[in-house]
K.L.:
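My structure is below; once you've seen it, I'll send some questions.
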There are 2 protein chains.
Amino acid sequence: MSRSHLPSTIGLRVVAALAQYGTVSSAANALHLTQSAVSKQLKNVEAVVGMPLFDRTGQGLSPTQAGMIYIEQARIALGAMETAAMRVAALRSSQPAIRLHVLPILGDRWFMPRFSRFAERHPDIDVQFTTFAPTDTLEEADAVFRFGIGEWPGWRADYVLGRDVILVGSPQLIAKYEGIASIADILRYPLLEHLQTPLRWNDFAEACHLRDFTPARVTRFGYYSLVIRAAIGGQGLALVPRSLILDELAGGQLMNPSGLGFTSRNCYWLTTPDDRPPNASLAVLRDWILQEAQASEHNNPEGLS
Amino acid sequence: MSRSHLPSTIGLRVVAALAQYGTVSSAANALHLTQSAVSKQLKNVEAVVGMPLFDRTGQGLSPTQAGMIYIEQARIALGAMETAAMRVAALRSSQPAIRLHVLPILGDRWFMPRFSRFAERHPDIDVQFTTFAPTDTLEEADAVFRFGIGEWPGWRADYVLGRDVILVGSPQLIAKYEGIASIADILRYPLLEHLQTPLRWNDFAEACHLRDFTPARVTRFGYYSLVIRAAIGGQGLALVPRSLILDELAGGQLMNPSGLGFTSRNCYWLTTPDDRPPNASLAVLRDWILQEAQASEHNNPEGLS
DNA sequence: ATGTGTCTATTCCATTTTGGACTATAGTTC
DNA sequence: GAACTATAGTCCAAAATGGAATAGACACAT
């Protein structure tokens, strides 16, 4: 017998973050915990489940079969909690909260670090975040970050950032493959790709007038954060919006050989439902986001096509 | 601003139990906690949510509008955790766990109190319970308690209990309305009904050859436990499987006036998928359940039609 | 080989949280 | 008003959480 205990909420968050970041340390960083705490939480959850959820590979974790099952349900559970909070926030009468859905990568690497400044300047505006909410509840949100070409019927879409997509790799990798003299050299490299944006490499090939785009090997990841981590780890070349990896470029962990890149149609947008009455607080938030986005793209004005 | 914390798992369980039992004390009992602990957990969750989830009515709790939203999502979140456990249990190779889905009322009032005996006698058989799992994942279970007439295509159904449905009310209520001399007197009483089994009263009227069944007032509840609580509280007459309220009948909190009742087609069944290879452990569990059910119905052999 | 960097697991310990026993208090019913 | 039942609050011991530091495993470069 075993009336299996349910995992703790923080345990679920740890599992979800581990799936997204691939290492205990970076998941800990994202959760504002220490590596030690995350390691212990994972151990707890695995004890509750009764079997390991991640394989320890020596340079990070990768989900086991059980882990993949568990991660999926953990995200559903977390999404339900977020949905609950979002729907309840909509009931609050006095000063209704703005319900904002953020994408994992954009939230972690761009939005959240900046948002604290907004919160300081506008303490009266209450923003309710969701990141796990299932797609069919997004319609309840007041604003949703999305990735695409900016066309969602029924939604106003304002460009945020991400048009400036660059080719990056770790210096070691590029040294090992002896640089990139012509664009065709790229085909010799292993390439990294995000599962949900599969057209990136084709777009790039097209923009560079590269025919016969048949790369040596393509590795796909479920999260953009894993793509970036793999690129930093020298596992291949990746196409990434410049604005998301400013730190890595400045720190030399990633480089942009020959300044290669292109202007992508697919990028990040802030979308707001058309059919809702104007909301002053929402307008303030949107204006601030767009302004911050412009500033952060102009701070690095090495724009190229 | 407020990056709203997520509630704790025990908080979700408390909210779900409160919805089901309607009082802090009985929810605490069901969760094997004290009233104090449940009260504090509820306070925590309400603090996280930012608004009250239940109205304190003086004789229990009833969900606020926000509460109803939250309860729904809490059940989804808990269901996801259970689903995760269930699916992972299916992967365990050595001695696969039996995945058993129990109905709230049957589990609380009949199955769980008895199950510990089974667990003692068969420590080698690992049973994995779900109670919140969404209906579309039930197909993964090895055995599912269901309520109905015993016909589910693709499932073998064994009768467990609940055919013997009796009319009950609190002694005070029946005194107040001056007894039940003829069956038609029932129409003078307020009636209590479970939302998911709406045909009960019609079936009863039919079994008693009662024409023109137009009761004075019908109150509906989402959980059978609330129906029973309301009946004990003297809020009306209810139709309840005798086996679920043996204690209340023995203790005099509920009485069965004039022995009224009927044999219902709708009752509790243990169902197992047809298409699965025979499983010795499952057969042991099923036999034990059916035997216990027979025993508990025969212990009170005042069966009537 | 060996150092270096990067990763996880573990130990120790302070802090926080949890939950039980008990008490206070408010509402209902007789 | 007494008895009963309900929730909320206080006090305290026990359990958990999480941070700092440490140890150990692995890859990679020299």
Side-chain angles (χ1 to χ4, degrees), chain A residues 5-15 17-18 21-48 52-64 67 170-173 175-176 226 229-230 232-235 251-253, chain B residues 5-15 17-18 21-48 52-63 67 170-173 175-176 229-230 232-235 251-253:
Chain A
H5 292 160
L6 298 177
S8 68
T9 300
I10 182 65
L12 294 181
R13 299 222 291 152
V14 160
V15 167
L18 284 172
Y21 294 98
T23 75
V24 173
S25 318
S26 54
N29 179 52
L31 294 169
H32 304 295
L33 289 174
T34 59
Q35 173 264 333
S36 159
V38 170
S39 176
K40 279 182 282 190
Q41 284 293 347
L42 173 59
K43 211 179 135 201
N44 278 353
V45 177
E46 287 181 327
V48 168
L53 298 177
F54 291 88
D55 285 324
R56 277 67 167 174
T57 65
Q59 52 253 19
L61 309 185
S62 74
T64 61
S170 77
Q172 293 87 346
L173 177 85
K176 185 169 156 197
L226 296 179
R229 193 173 79 92
I232 293 172
Q235 294 180 41
Q253 297 157 280
Chain B
H5 290 163
L6 299 176
S8 68
T9 299
I10 181 66
L12 294 181
R13 298 224 289 152
V14 161
V15 167
L18 284 172
Y21 293 97
T23 75
V24 173
S25 317
S26 53
N29 179 51
L31 294 169
H32 304 295
L33 289 174
T34 59
Q35 172 264 332
S36 160
V38 170
S39 176
K40 279 181 281 191
Q41 283 293 346
L42 173 59
K43 211 180 133 201
N44 278 353
V45 177
E46 288 182 326
V48 168
L53 297 177
F54 291 87
D55 284 325
R56 278 67 167 174
T57 64
Q59 53 251 16
L61 308 186
S62 74
S170 77
Q172 293 86 348
L173 177 86
K176 186 168 154 196
R229 194 173 78 92
I232 293 172
Q235 293 179 43
Q253 295 156 281

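Below, read A as the first sequence line, B as the second, and so on, with proteins coming before strands; counting in each chain starts at 1.
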K.L.:
In whole angstrom, give the distance that lies between atom CZ of R56(A) and atom C1' of dA25(D).
P.N.:
13 Å

K.L.:
Calculate the interatomic distance between F54(A) atom CZ and dC7(C) atom C1'; express it in whole Å.
P.N.:
15 Å

K.L.:
How long is the line joining CD of E46(A) and P of dT8(C), in whole Å?
P.N.:
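Distance check: E46(A) CD to dT8(C) P gives 12 Å.
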
K.L.:
So V15(B) and L53(B), do their side chains get closer than 4.5 Å, heavy atoms only?
P.N.:
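The answer is yes; the side chains approach within 4.5 Å.
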
K.L.:
Provide, to the nearest angstrom, the distance between the NZ atom belonging to K176(B) and the C1' atom belonging to dT29(C).
P.N.:
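Taking atom C1' of dT29(C) as the reference, NZ of K176(B) is at 11 Å.
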
K.L.:
Which atom names give the shortest non-hydrogen contact between Q59(B) and R229(B), and what distance separates them?
P.N.:
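The pair with the smallest heavy-atom distance is O-NH1, 3.4 Å.
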
K.L.:
For T57(B) and S62(B), work out which heavy atoms get closest and say how close.
P.N.:
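Closest approach of T57(B) to S62(B), heavy atoms only: CG2-OG, 4.0 Å.
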
K.L.:
How close do A27(A) and L18(A) get, heavy atom to heavy atom, and via which atoms?
P.N.:
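Result for this residue pair: CB-CD2, 3.7 Å.
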
K.L.:
Could you state the NZ-P distance from K43(A) to dA16(D), rounded to the nearest angstrom?
P.N.:
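K43(A) atom NZ is separated from dA16(D) atom P by 13 Å.
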
K.L.:
How would nucleotides 11-26 of chain C be written as a contact map, 5' to 3', with B for base contact, S for sugar-phosphate-only contact and - for no contact, using protein heavy atoms under 4.0 Å?
P.N.:
BB-----SBBB-----

K.L.:
Give me the atom names and distance for the closest heavy-atom approach of L6(A) to V48(A).
P.N.:
C-CG1, 4.2 Å

K.L.:
Please report the shortest heavy-atom distance between A28(B) and Q35(B), naming the atom on each side.
P.N.:
CB-N, 3.6 Å

